[in-house]
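Notes follow once the structure below has been shown.
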Amino acid sequence: MKKFMALSLAAMTALALAGCGSGTSATTAAATEAATEAKDTTAADTAAADTTAAEKTASDKTYIINTDTTFAPFEFENEKGDLVGIDMDILKAVAEDQGFSYEVVPVGFSAATTALEAGECDGVIAGMSITDQRKEKYDFSDPYFDSGVGMAVLADSDIDSYEKLNGQNVAAKIGTEGCKFAESIADKYGFTVTQYEDSATMYQAVLAGEAVACFEDYPVVGYEISRGLGLKLLPTIEAGNSYGFATMKGENPELVEMFNKGLANIKANGKYQEILDTYIAK
Ligand code: GLN
């Protein structure tokens, strides 16, 4: 019941939540800068022998795909400094399957959507939730991972409900569904929301006591907790939206089509499951 009420409240207030929107000139500048210093370049293997005419045209192009910086297990830097994760491996497998080339630019979540809207990249893969509001602006691929928003507090915190947030400050990440959800219940429960640019600084704010809780996709904060982050997740998880690969509406229909075909193929041939098993304990 609580879940349902919270969700409908989020839906009702969705349009009023400008505070969590992405898009400032600062992030655009950051995205541009990052784009020129692309860290991780991957060219897919050669196209399959039976490519269609459309795929041949597409394969001439190197798509610029923006992503988040720290959103494990979907994208993060490993010990060697390589950008790895479920999103990275899915994109690679799909590109190999469909025979297109791409370059990944990790700029942060809000900067990635800003760059997409400014035409500075062709697509975004960043654990990005497929929401009705976003579908008005973007074309999404078929969903590739189910998620939802959870609230995390210090491991020894006695905050065990939204009610206990009264009079407190909570952390959220700019432009995300977690932020939108936090703002949608902030007045009701009497707390303030401070926005952070990336997940790592948001967690740090909770660890440092600048905020008593943060709202984040539960598979992501859960992954960090399983690796030693000193937070705990509350059992209430808000039903959320699945992740999809996004392009600007109508701009790259062939890319979305290839992504969907490739995704279906890697699901059928076991590669998709293999990727999940690499990052998520069975
Ligand atoms: N899934 C969340 C959203 O789409 C967060 C994505 C992210 O932070 N990379 O809003």
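The first residue of the sequence shown is numbered 1, and numbering continues consecutively from there. Counting convention: from 1, in listed order, for ligands and their atoms alike.
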Between [Y] and [X], do the side chains contain a donor N or O and an acceptor N or O under 3.5 Å apart?
X: Y196; Y: T201; value: no
X: D198; Y: T70; value: no
X: E177; Y: T131; value: no
X: Y138; Y: E117; value: yes

Over all heavy atoms of both residues, which pair between L231 and A152 is shortest? Give the atoms and the distance, please.
CD1-CB, 4.1 Å
D68 bridged to K173 by N-O distance under 4.0 Å
yes
Heavy atoms under 4.0 Å from ligand 1: which residues qualify?
D68, F71, F109, A126, G127, M128, S129, R134, K173, T176, E177, D217, Y243
